[in-house]
Amino acid sequence: MRKVSFGRSKKIIFLVVAVGISGLSLFLFLYLSRFTLMPSSEKYVAFCDTDKTCHVKDLPYQNSTLPIEMRVDDLLLRMTTAEKIGQMALIEKNSILNQEDIAKYGLGAILSGAGAKPEPNTAEAWFQMIHAFQGYAKKTRLSIPIFYGVDANHGNGNVLGSTIFPHQIGLGATKNPSLVRDVAKATAEEVSAIGINWIFSPDLDVVQDIRWGRTYETFGSDPTIAGILGKAYIEGLQSYKQDGAKVSATAKHYIGNGSATWGSSSNKDFYIDQGDAKLSDAELRRTQLAPFTQAIKADVRSIMVGLNKWNGAKVIFNTYLLTDILRGELGFNGFVVSDWYGVYENEDNNYQALVQAINAGVDMVMLPFDYKTFSSRMHRALTNDDISQARVDEAVRRILTAKFKTGLFEVVPMDHLVEINTTKNRELARKAVRMSLVLLKNNKTVPISKYKSKIYVAGSSADNIGMQSGAWTIEWQGIDGNWIPGTTILNGIRNKVSSSTKVEFSLQADFAESSGLADVGIAVVGEHPYAEGWGDVENPQLSSEDLETIAKLNRVSKKIVVVIVSGRPLDIKEYVKDWDAVIAAWLPGSEGQGVADVLFGDYPFMGTLPVAWSL
Ligand code: GLC
């Protein structure tokens with residue numbers, strides 16, 4: 001056997017060792033790279049909690065110092081198809097059959113539909129409920145937090161104890177973007193306090209027919225003003241930050257609801273809501289698109305598609321509107337969410353409807369009920385290539401981008417509740433009420449002296465915070481009575497006048513004529529709360545009871561002032577000649593004191609009509 005020289009043997013040993021080391025390093029690199037380069041493997045885990053749920057940590061997408069785009073790229077690469085589909089589902093909280101499903105299906109977003117509250121309806125109970133939902137989301141493999149969305153369209157109206165601001169129509173009467181920005185910021189404070197991180201406001205529909213039950217949810221009939229106020233609202237809301245938590249806005253309802261024609265509703269119970277906007281492209285752009293253009297400039301994080309049609313076809317299936325205009329022309333980089341059950345409404349083939357809506361540009365589907373069927377349909381659509389993987393990735397990218405912008409991964413779990421209904425917020429709401437009042441008529445009657453000897457007050461909305469708040473307050477269709485915190489318009493009057501002034505209240509103006517005339521009679525009347533199509537009405541007007549009350553009050557008062565609490569102009573042409581002063585108060589919310597502030601001259605009338613009101 002040939003003796004191998006020592007010199008040569010050294011080389012062989014070195015070679016063997018070198019090969020061994022590089023082999024080992026290659027193995028280690030490949031093994032460890034499973035925790036960094038990330039193929040989308042279902043079995044991937046990095047570490048496990050005591051409860052045997054395994055998570056990832058210290059990964060690029062969890063690093064808040066990295067650019068959002070890089071975090072999204074990293075996270076998207078790690079996601080399985082099932083996890084991506086889960087992010088596209090928006091579920092109503094009462095439709096979650098088992099909270100473990102939040103983790104099992106990787107659900108990306110949950111909402112409280114109007115009135116869907118925990119029992120008891122307290123800020124603490126809301127906080128605990130949402131915290132629990134987030135806990136299930138955190139248990140998922142990639143711990144992607146959920147969006148929790150609500151309709152906080154005049155303050156956090158669902159939650160008992162919140163400050164209730166004027167509905168948008170009243171803010172529209174102020175035409176004051178700075179005030180609207182402040183109201184939005186205060187709203188963000190009160191929703192964020194209980195863990196809500198997404199609200200379905202502002203409503204940027206531009207109302208053209210006040211018979212529409214959603215008139216009061218809009219800023220009025222002027223697209224330019226709606227754009228200015230909508231932009232301010234979005235900036236105010238999305239600029240708020242507390243313990244890392246921020247709130248995302250939703251510009252809704254894209255597009256054309258405000259221009260629907262009477263009698264065209266696709267809902268048999270309604271007349272114009274969810275109707276058909278029969279407009280040319282140019283008309284649609286002129287009357288309805290402007291506010292959404294402004295919203296996109298304000299970096300609105302989501303846009304909700306309406307349940308309406310444009311020239312006979314459902315907007316939700318319209319690629320030209322949802323993709324060509326929103327993305328191509330306006331550069332919208334947030335996500336598009338469908339409205340309540342809107343994908344499936346009045347459809348025969350729900351699978352086909354889902355495919356159409358997603359391909360048209362819907363990124364997240366407000367199902368809001370059946371996430372299991374949604375998941376199986378989406379898997380089927382991907383398998384059949386009815387929906388491409390690229391389209392799903394694009395939708396999820398937009399949703400994740402919004403989540404990162406909202407700081408969801410950086411939220412510091414609060415161990416305390418941020419106070420709601422603060423004095424600061426109530427004072428702001430009162431200021432908004434003052435600035436929203438519009439003086440429609442005045443025969444030298446207002447402002448009223450605080451030193452009158454006798455004032456009569458009457459009417460359905462005088463002593464009723466539910467009436468003055470309107471719908472989307474505690475319940476979808478609103479409430480009746482005084483069981484939420486705030487000040488009635490009647491108490492605002494009582495608080496304002498001198499100690500020598502006698503204020504008497506009778507709901508239907510049952511004042512004895514023998515007691516002599518009041519110096520002034522104030523009738524506070526208006527509409528009972530309604531939401532959506534339930535407010536569609538052929539001729540908006542005062543009730544016969546209210547008209548009777550005003551007439552009775554007029555007979556026992558030297559002067560009569562009528563304060564109208566309504567979501568829109570009412571037809572008073574036949575009666576206004578008999579009244580000395582008329583004030584539009586819209587739906588002022590919980591801080592009714594703001595009405596007396598102006599009625600008795602501490603502040604001037606500043607509001608102007610957000611929609612035409614012919615007297
Ligand atoms: C609705 C409304 C929409 C609201 C959504 C969630 O039906 O059309 O404005 O944001 O449901 O409550």
Side-chain angles (χ1 to χ4, degrees), residues 89-95 109-117 126 147-159 167-169 187 191 196-207 212-219 226 230 233-234 237 247-258 260 265-267 269-275 277 288 291-292 295 300-309 314-316 334-346 357 362 364-369 470-478 529-536 567:
L90 172 57
I91 313 302
E92 210 282 323
K93 69 115 181 156
N94 291 328
S95 301
I110 300 174
L111 83 146
S112 275
K117 49 199 173 293
W126 276 87
F147 267 129
Y148 199 91
V150 298
D151 292 280
N153 55 14
H154 63 147
N156 197 9
N158 283 309
V159 180
H167 266 295
Q168 278 189 212
I169 195 70
T187 301
V191 300
I196 293 166
N197 48 39
W198 183 31
I199 70 171
F200 310 128
S201 290
D203 185 326
L204 296 185
D205 293 306
V206 183
V207 58
W212 185 31
R214 306 195 77 167
T215 295
Y216 68 85
E217 292 184 63
T218 75
F219 286 118
Y233 188 99
I234 292 159
L237 191 90
V247 182
S248 277
T250 307
K252 73 181 185 182
H253 309 80
Y254 187 78
I255 183 174
N257 274 291
S265 178
S266 54
N267 183 317
D269 295 324
F270 302 157
Y271 295 97
I272 187 170
D273 188 36
Q274 302 177 24
Q288 299 293 341
F292 288 94
V300 70
R301 297 197 191 117
S302 65
I303 287 179
M304 184 187 292
V305 185
L307 300 167
N308 62 298
K309 293 178 179 173
K314 282 170 80 171
V315 168
I316 202 151
F335 65 94
V336 170
V337 59
S338 60
D339 193 352
W340 191 271
Y341 200 65
V343 168
Y344 307 120
E345 194 93 30
N346 303 326
V362 170
M364 182 186 283
V365 181
M366 188 188 297
L367 292 169
F369 312 113
W472 307 93
T473 311
I474 309 297
E475 301 299 343
W476 182 39
Q477 297 295 323
Y530 51 80
E532 305 189 32
W534 305 112
D536 290 353

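Just so you know, residue 1 is the first one in the sequence shown, and it goes up from there. Counting starts at 1 for both ligands and their atoms, in listed order.
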| query | Has ligand 1 got any nitrogen or oxygen that is less than 3.5 angstrom from a nitrogen or oxygen of Glu217? | reply | no

| field | Polar contact flag for Trp472 and ligand 1 (N/O pairs, less than 3.5 Å) | value | no

Can you check whether [X] and [Y] have ring centres sitting under 6.0 Å from each other?
X	Y	result
Tyr344	Phe369	no
Trp212	Tyr271	no
Trp198	Phe335	yes

| What part of Gln274, side chain, backbone, both or neither, has a heavy atom within less than 4.0 angstrom of ligand 1? | neither

| Cut-off 3.5 Å, side chains only: do Asp205 and His253 have a donor facing an acceptor? | yes

| message | Can you see whether His154 engages Thr473 through a side-chain donor-acceptor pair at a distance of less than 3.5 angstrom? | response | yes

Show me which atoms of ligand 1 lie under 4.0 Å from any heavy atom of [X].
X	answer
Trp340	7 (O), 11 (O)
Lys252	3 (C), 4 (C), 9 (O), 10 (O)
Met304	10 (O)
Arg214	2 (C), 3 (C), 8 (O), 9 (O)
His253	3 (C), 8 (O), 9 (O)
Phe200	10 (O)

| said: Would you say that more than 12 heavy atoms from the other residues, nucleotides or ligands in this model lie under 6.0 Å from the NZ of Lys309, or not? | reply: no

| task | Write out the residue and atom name of the closest protein heavy atom to atom 4 (C) of ligand 1, then the distance separating them to 0.1 Å. | result | Asp151 OD1, 3.2 Å

| said: Students should be able to answer this: which protein heavy-atom is nearest to atom 8 (O) of ligand 1, and at what distance? | reply: Asp339 OD2, 2.6 Å

| query | Does the side chain of Gln477 reach to within under 4.5 Å of the side chain of Trp534, using non-hydrogen atoms? | reply | yes

| Stepwise, does the side-chain hydrogen bond (donor to acceptor under 3.5 Å, both in side chains) test hold for Trp340 with Glu345? | CA-CA 9 Å; Trp340 191 271; Glu345 194 93 30; over 6 Å; no

